[in-house]
Amino acid sequence: MSSLEVTIRLGTPEDAGGILDCLVSTLAERVWFDRDENEMGITDPSVLKNKIREFRSGERAYIVAAQGDKILGFILVVRGGIKSTRHTADFGMSLLPGFRDRGIGTMLVQAAMDWASEHGVEKLYCCTFDTNPRAVKLYEKFGFVREGVRVKQYKIAGEYVDQIMFGKILN
Ligand SMILES: CC(C)(COP(=O)(O)OP(=O)(O)OC[C@H]1O[C@@H](n2cnc3c(N)ncnc32)[C@H](O)[C@@H]1OP(=O)(O)O)[C@@H](O)C(=O)NCCC(=O)NCCS
């Protein structure tokens with residue numbers, strides 16, 4: 001699959017089902033996130049559809065990687081909701097298992113950085129597990145720095161996992 005076949009664009013309410021499918025598949029792997037698919041907040045596509053409809057521009061956005069109608073992955077960027085954090089935005093991302101290691105995550109992080117710059121966000125941040133070398137590599141490639149480590153923050157499949165906090169000041 002060449003990267004030319006993948007479109008990176010702002011997610012719309014119609015993408016809700018594809019975004020949830022992607023999230024469910026990733027959570028079902030039980031190794032990348034702090035919760036499993038039974039602990040998801042939103043499971044009903046129509047609920048997510050309405051939430052996306054209510055997103056205010058510059059406050060939060062799903063940016064999706066799509067191949068035609070199929071959602072291959074997404075990055076969710078969420079701006080700080082109070083005065084003291086308005087200059088920051090948090091993000092989380094997920095790709096369907098069959099579509100990793102092909103540069104799509106790189107395109108999504110770039111798109112999130114572009115979105116942040118367009119909306120005057122000064123700092124982007126995220127977290128990952130120390131057991132996720134792909135995510136660590138991806139964030140460090142973009143100049144995110146390790147701001148801290150929460151040791152044994154999670155227990156995943158019976159094993160302790162450290163949480164690494166990454167941040168990048170945007171210029
Ligand atoms: C993490 C994730 C979003 C990255 O997206 P992706 O499309 O796979 O990433 P890319 O292909 O753009 O980049 C991955 C980089 O990691 C590197 N990489 C892959 N496996 C690696 C490993 N075991 N050790 C070190 N680097 C590794 C790749 O070579 C690539 O670097 P490069 O561009 O310099 O060659 C995606 O793999 C995913 O959804 N994973 C499961 C869910 C998840 O982990 N979400 C993030 C939670 S914080």
Side-chain angles (χ1 to χ4, degrees), residues 1-83 85-129 132 134-135 138-139 142 154 156 163 166 168 170:
M1 186 188 69
S2 89
S3 59
L4 288 177
E5 297 169 65
V6 177
T7 305
I8 305 294
R9 58 168 175 76
L10 269 185
T12 70
E14 282 61 45
D15 296 321
I19 289 169
L20 282 179
D21 287 347
C22 182
L23 192 56
V24 167
S25 312
T26 306
L27 294 183
E29 294 174 273
R30 311 257 168 120
V31 284
W32 313 119
F33 289 106
D34 61 356
R35 64 202 63 201
D36 66 33
E37 70 277 26
N38 301 311
E39 296 168 319
M40 279 170 64
I42 299 177
T43 52
D44 181 346
S46 65
V47 174
L48 182 60
K49 197 171 186 173
N50 284 332
K51 283 209 173 292
I52 297 175
R53 211 169 263 139
E54 287 164 10
F55 282 6
R56 283 188 289 133
S57 173
E59 294 301 318
R60 58 181 64 204
Y62 279 102
I63 299 166
V64 298
Q67 204 172 38
D69 289 341
K70 187 177 171 70
I71 301 300
L72 309 180
F74 68 85
I75 189 163
L76 171 64
V77 202
V78 179
R79 189 173 196 147
I82 54 175
K83 283 196 292 257
T85 60
R86 288 281 304 149
H87 65 294
T88 72
D90 187 9
F91 71 86
M93 63 192 302
S94 171
L95 292 178
L96 287 173
F99 294 90
R100 297 174 189 159
D101 280 327
R102 302 176 190 205
I104 300 174
T106 299
M107 291 192 276
L108 287 171
V109 172
Q110 183 60 59
M113 288 179 40
D114 293 345
W115 180 92
S117 295
E118 268 168 41
H119 293 98
V121 172
E122 297 170 43
K123 177 182 177 177
L124 265 179
Y125 67 99
C126 66
C127 295
T128 193
F129 294 164
N132 194 345
R134 211 163 24 197
L138 177 59
Y139 305 146
F142 277 96
Y154 300 105
I156 307 290
Q163 181 188 37
F166 279 102
K168 180 177 170 69
L170 306 173

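If you read the sequence from its start, that first residue is 1, and numbering goes on from there.
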**OP:** With sequence neighbours excluded, tell me which residues meet side chain to side chain donor-acceptor pair (under 3.5 Å) with K123.
**Re:** E147
Original post:
Is any side-chain heavy atom of Q67 closer than 4.5 Å to a side-chain heavy atom of T7?
Top reply: no
Original post:
For the side chain of R30 and the backbone of T26, is there at least one donor-acceptor N/O pair under 3.5 Å apart?
Top reply: no
Subject >> Flag if over 12 foreign heavy atoms under 6.0 Å of CZ, R56 >> reply: no
Subject >> Short side-chain to backbone donor-acceptor contact, T88 and T85, under 3.5 Å >> reply: yes
**OP:** List for me each residue that meets side chain to side chain donor-acceptor pair (under 3.5 Å) alongside D69, sequence neighbours excluded, and say none if there are none.
**Re:** none
Subject >> Electrostatic pair E29:R100 at N-O distance under 4.0 angstrom >> reply: yes
Original post:
Can you list the residues that meet the side chain to side chain donor-acceptor pair (under 3.5 Å) rule with D21, with sequence neighbours excluded?
Top reply: none
Original post:
Going by the angle between their ring planes, with limits at 30° and 60°, are F55 and Y62 parallel, tilted or perpendicular?
Top reply: parallel
Original post:
Would F33 and Y154 count as a close aromatic pair, with their ring centres under 6.0 Å?
Top reply: no
Original post:
With ring centroids as reference points, do Y125 and F166 lie under 6.0 angstrom apart?
Top reply: no
**OP:** Under the side chain to side chain donor-acceptor pair (under 3.5 Å) rule, collect the residues that match up with D36, sequence neighbours excluded.
**Re:** none
Original post:
Would E54 and N50 count as having a side-chain donor-acceptor pair, cut-off 3.5 Å?
Top reply: no
Original post:
Looking at residues at least two apart in the chain, or sitting in another chain, which of them share a salt bridge (charged side-chain N to carboxylate O under 4.0 Å, His left out) with E122?
Top reply: none
**OP:** Please list, chain by chain and in numerical order, all residues satisfying salt bridge (charged side-chain N to carboxylate O under 4.0 Å, His left out) with D15, sequence neighbours excluded.
**Re:** R9
**OP:** Tell me whether the guanidinium CZ or amine NZ of R60 lies under 6.0 angstrom from the six-membered ring centre of W115 and within 45° of its axis.
**Re:** no
